[in-house]
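A short write-up of the structure that comes next.
All values below come from the heavy atoms of this structure, side chains included, with hydrogens, waters and symmetry mates left out. Count residues from 1 along the sequence.
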Amino acid sequence: MSAVRFNSIFPTERGEEITLEIWDTAYSGAATSFNTKDNGYNLKYSANGFEEAAQFMATECEFVFWIENATHEALITDFVTAQEGRFLVRILKDSVLEWTGFILFDSTSYEEVDYPFAFQIKAVDGIGTLKDVDFKDISGPYTGKSKMIEYLTRALSKISYVSEFYGAGDVFLRTSVDWWEETMTHSPTGVDMLDQAYLSNAVYYEYKNGVLEYKSCYDVIKDILTALECRITYAKGAFWIEQISYRIATTIIQRQWETDGTFISAVNYSIDNDIDQTASGALLATGIYEFTAPLSEARHEFKALERRNFFAGAENVDDTHTGIDTFYTPIHGNSGETTLRITGGMVLRISSNTFAPGYTNPLEPFVAVIRLNIFLDNYGLQNSYTLQASYQVAFTPVIWHATPGLYVCQTISGPFLANTTDDIFTFTQGIDLITPPLPENTE
């Protein structure tokens, strides 16, 4: 037999009535009340938890049972000799099933003191127990073919508390799956593909050396969930199978099933949910606002970040290294306060064995115009120059221009070379360029 051996009833912060029950499958008497802590119980969800596969999000429940008399303490004594699965936990919220599971004896604890003392109890949803349960019918293997939903409900129904807490018409499984074969009926109020796709039962058993071997119920569930990119967990009094990639849909259709795979109904959920002061969206935690005295003084401290060398590591440009260096580094405009400074040295070596065209003086002046291509996003640094009398060069102001491919100029000037084939003349030019502020809409 089975009955509620202990129970605790208390309200939530929203006025709901919680009933926390401990069932004993070897008990037939009346229920005894017990007290728990102010927070009642804690539910934990973990993708690792007790399951090694990501397809399973295990759930566990923890609560404190205050041992206040000998009747309460007898529970501890029974835990010592009880078989796993004897003691169950059921939680009701306003008389509606919220959570169920097995009590783990090896995770309970208490302090050896006088009454009252806290007895820490932990329970799990029981999916992990299916690793040791063969996927088969009472008399042997399932035969023929079956719908996917039947595989799932058959396997989950072998958790021992299912027959205790679920009956005809109860919502046992909720599915949100959006895979469809082109010939399937896609109805927002009807069944999903789990009720339209079939598998051969022979997939989950085989003969080895003449002995029939079965897959475990756990492996059957895992196999189907893996193929459909789904995850299973337990919440609100039912198992939930959710296709993770389905979460991006504007409207998610959830189907509800009984323990034997009978379809109950379909419910639509929107991905957008308002947090307001209604019962379904009220805040569970709030902040505290306080008034302070008026401020008589306010100080703002601005710190300039360390100047950065964006060209660090760039190789010199010479006769053998003529490539373009590109630096992918984010630079924020900072409301027109950010500038770039480009410094370096330009070295020009020239040799000549003839006069410049039209010149007879071997020391005629020359001007070399050096072009630097500097781009930031789709902006290019731009100016222009004019060659004036006496070999002088006049530059226009440097600006950022929205058309890429423009340039900024530097010059090297000096006397032209004598008519020689041996001498090499070297000219140097320092570069120290500070750009205008970066455009506001660039990065």
Do [X] and [Y] have side-chain atoms, one donor and one acceptor, less than 3.5 Å apart?
X	Y	answer
Tyr204	Asp223	yes
Trp99	Thr59	yes
Thr175	Trp257	yes
Gln256	Ser265	yes

Sidechain-backbone polar pair: [X] side chain, [Y] backbone, donor-acceptor under 3.5 Å:
X	Y	value
Gln196	Thr185	yes
Glu16	Lys93	no
Tyr166	Tyr161	no
Glu181	Thr183	yes
Trp23	Arg90	no
Arg341	Asp432	no
Asp94	Val96	no
Tyr142	Lys145	no
Glu21	Asn7	no
Tyr246	Trp179	no

- Message: Quick one, Ile127 with Phe56, criterion side chain to side chain contact (heavy atoms under 4.5 Å, CB included). Give me CA distance, side-chain angles, the key distance, then yes/no.
- Response: CA-CA 9 Å; Ile127 294 182; Phe56 297 84; 3.6 Å; yes
- Query: Is Glu84 atom CD crowded by more than 12 heavy atoms from other residues, nucleotides or ligands, each under 6.0 Å away?
  - Reply: no
Measuring from [X]:[atom1] to [Y]:[atom2], what's the distance to the nearest 0.5 Å?
X	Y	atom1	atom2	result
Asp219	Lys131	CG	NZ	9.0 Å
Thr19	Leu97	OG1	CG	11.5 Å
Gln55	Ile244	CD	CD1	10.0 Å
Ile121	Phe65	CD1	CZ	6.5 Å
Glu213	Lys215	CD	NZ	10.0 Å
Ile241	Leu156	CD1	CG	6.0 Å

- Do the charged groups of Arg231 and Glu242 touch, with an N to O distance under 4.0 Å? no
- Query: Centres of the Phe34 and His72 rings: under 6.0 Å?
  - Reply: no
So which atom in [X] and which in [Y] form the shortest heavy-atom distance, rounded to 0.1 Å?
X	Y	answer
Tyr115	Ile67	CD2-O, 3.7 Å
Glu229	Ser245	OE1-OG, 3.9 Å
Thr339	Leu438	CA-CD1, 4.0 Å
Tyr151	Val220	CD2-CG1, 4.2 Å
Phe10	Thr36	CE2-CG2, 3.9 Å
Thr233	Met57	OG1-O, 2.9 Å

- Is the Phe105 ring parallel, tilted or perpendicular to the Phe87 ring (thresholds 30°, 60°)? perpendicular
- Angle class for the Phe79/Phe119 ring planes (parallel below 30°, perpendicular above 60°, tilted otherwise)? tilted
- Task: Decide yes or no on side chain to side chain contact (heavy atoms under 4.5 Å, CB included) for Ile159 and Phe239, but give the supporting numbers first.
- Result: CA-CA 12 Å; Ile159 300 176; Phe239 289 98; 3.6 Å; yes
- Message: Let's go through Asn201 and Ser146 carefully: what are the C-alpha distance in whole Å and the side-chain angles of both, what is the deciding distance for side-chain hydrogen bond (donor to acceptor under 3.5 Å, both in side chains) to 0.1 Å, and is it a yes or a no?
- Response: CA-CA 7 Å; Asn201 284 282; Ser146 302; 3.0 Å; yes
- Item | Step-by-step side chain to side chain contact (heavy atoms under 4.5 Å, CB included) determination, Leu228 to Met148 | CA-CA 11 Å; Leu228 300 180; Met148 278 191 174; 4.1 Å; yes
- Sub-4.5 Å side-chain heavy-atom contact between Ile252 and Asp178: no
- For side chain to side chain contact (heavy atoms under 4.5 Å, CB included), just list the numbers for Phe135 and Tyr205, CA-CA rounded to whole Å, side-chain angles, deciding distance to a tenth of an Å, and then say yes or no. CA-CA 8 Å; Phe135 184 74; Tyr205 68 87; over 6 Å; no
